[in-house]
Amino acid sequence: YIAKILYEKTDEDHPISIMEIIEELAKYGMRAERKSVYTDIESLKDFGLDIVTEKGQCNRYYIASRQFELPELKLLADAVCSAKFLTEKKSKQLLQKIESLAGVHEGMLIERQVMVVDRVKSMNEQIYINVDAIHKAINEGRQISFSYFDYNTNKQKVYREGERFCSPYALTWNDEKYYLVSYYLKYPDNYTNFRVDRMSNIKILDEPVLKAPQELNISEYLNSTFSMFSGDTVKAVLKFDKKLINPVIDRFGINADIVNLDPDHFKIKVNIKAKPPFFAWLFQFGRSASIISPDSLRDEYIKMIKDVLSSFYE
């Protein structure tokens, strides 16, 4: 209990005295003498707790180092609050646990810094159960079954027809959402992605996972996938103004195949999945980005732009 009190109540700016420790122990229904508290503090130091003693007329004590530093806890808190796959309720619960690691004084700093209310969050309270079940299935190399749903305009769940069966390979956090990367027999030539917050009634089956057509390199897979839409892979060559090198590296990674074309332009060879989301990403750069090859991909991009433009004149 003395360790608990020191972790929760103290830091470098908030040391406490032996008498204050005795008062805190009384709140837990325990009576203690000064001598026994001194002895217990020495035992905690021998055990490895970094307890600092501030010498003075009345010695004061505090925990000098913790498992997590305050900047690390703030980073974790921001990640929890920003994660759209977590519900508002679950985000607040996790935030309280993170705050407890900092102690009462620094925990208040975390609470003031991050906000959960009014952020776009998942509405699926089963997210923790889903993630735990999927991790278990991946570790055991077993297939899963589940129901998959969408929302209608009345914000109600609408389940897609039939139960789905797949071989889970990896869980990934992409575009602020949690996805399952799986091998799904409906699309036998590719991996298929499912939103974890749109899954329910997950069951781990006895059947072992089916072998996918190619080895999964998760980093390459994510770099080639836009908005986590599944689809056939297209080998493309793209041309960009050099001022766009940062967003291109952000998208495709530092190891991307980039070649300088002239003083103002470079090209990149990439594998592309999900053409419409890719086109949307490319379009934001306007005339500063273009498709060199293949012709079929360039033609589809031109057709989509023309179709969108024509809708303004209907």
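No hydrogens, no waters, no symmetry mates; every other heavy atom, side chains included, goes into these values.
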Answer yes or no: does atom [atom1] of [X] have more than 12 heavy-atom neighbours from other residues, nucleotides or ligands under 6.0 Å?
X    : atom1 : answer
Y159 : OH    : yes
E54  : CD    : yes
E33  : CD    : no
K45  : NZ    : yes
K4   : NZ    : no
Y38  : OH    : yes

Hey, are [X] and [Y] close enough for a salt bridge, meaning a charged N less than 4.0 Å from a carboxylate O?
X    : Y    : value
E163 : K203 : yes
K303 : E300 : no
K136 : D132 : no

Donor-acceptor contact below 3.5 Å, side chain S182 vs main chain T192: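 Yes.
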
Donor-acceptor pair, side chain of N130 and main chain of V196, under 3.5 angstrom: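 Yes; at least one donor-acceptor contact below 3.5 Å.
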
Take D11 and H14 through the test side chain to side chain donor-acceptor pair (under 3.5 Å) and record every step on the way to the result. CA-CA 5 Å; D11 55 43; H14 303 88; 2.8 Å; yes

Is there a side-chain contact between [X] and [Y] (heavy atoms, below 4.5 Å)?
X    : Y    : value
M199 : S147 : no
F266 : V248 : yes
S17  : N59  : no
C166 : L180 : yes
K235 : K269 : no
V52  : Y61  : no
N271 : F252 : no

Check: F165 ring centre within less than 6.0 Å of Y184 ring centre: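 Ring-ring flag for F165/Y184: false, centres at least 6.0 Å apart.
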
How about Y148 and F194: are their ring centroids closer than 6.0 Å?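 They qualify: ring centres under 6.0 Å apart.
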
Show the nearest heavy-atom pair for residues F240 and L238, with the distance to one decimal.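 In terms of heavy atoms, the two residues are closest at CE1-CB, 3.5 Å.
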
Among the clusters formed by ILVMFWY side chains lying less than 4.5 Å apart, do [X] and [Y] turn up in the same one?
X    : Y    : answer
I2   : F47  : yes
I16  : M19  : yes
I305 : I292 : no
Y183 : V209 : no
V237 : F283 : no

Any side-chain donor paired with an acceptor under 3.5 Å for S290 and K267?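 The criterion, which ignores hydrogens and geometry beyond distance, is not satisfied for K267 and S290.
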
Judged by modelled atom types alone, do H265 and D262 share a side-chain donor-acceptor pair under 3.5 Å?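 D262 and H265 do have a side-chain donor-acceptor pair below 3.5 Å.
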
Once you measure the plane-to-plane angle for Y28 and Y1, does it fall in the parallel (<30°), tilted (30-60°) or perpendicular (>60°) bin?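 Ring orientation, 0 to 90° scale: tilted.
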
About how many Å separate CG of L261 and CD1 of I268, when rounded to the nearest 0.5 Å?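 So the gap between those two atoms works out to 11.5 Å.
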
Any chance you could measure L25, atom CG, to R31, atom CZ, to the nearest 0.5 Å?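 The distance works out to 12.5 Å.
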
When you measure from the centre of the six-membered ring of F149, is the NZ or CZ of K157 closer than 6.0 Å and no more than 45° off the axis?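 Yes; both conditions hold, so K157 lies above the ring face of F149.
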
Tell me, with the steps shown, if L205 and S145 meet side-chain contact (heavy atoms from CB on, under 4.5 Å). CA-CA 7 Å; L205 308 177; S145 66; 3.9 Å; yes

One pair to check against side-chain contact (heavy atoms from CB on, under 4.5 Å): I291 and F278. What are the steps and the verdict? CA-CA 11 Å; I291 300 170; F278 160 66; 4.1 Å; yes

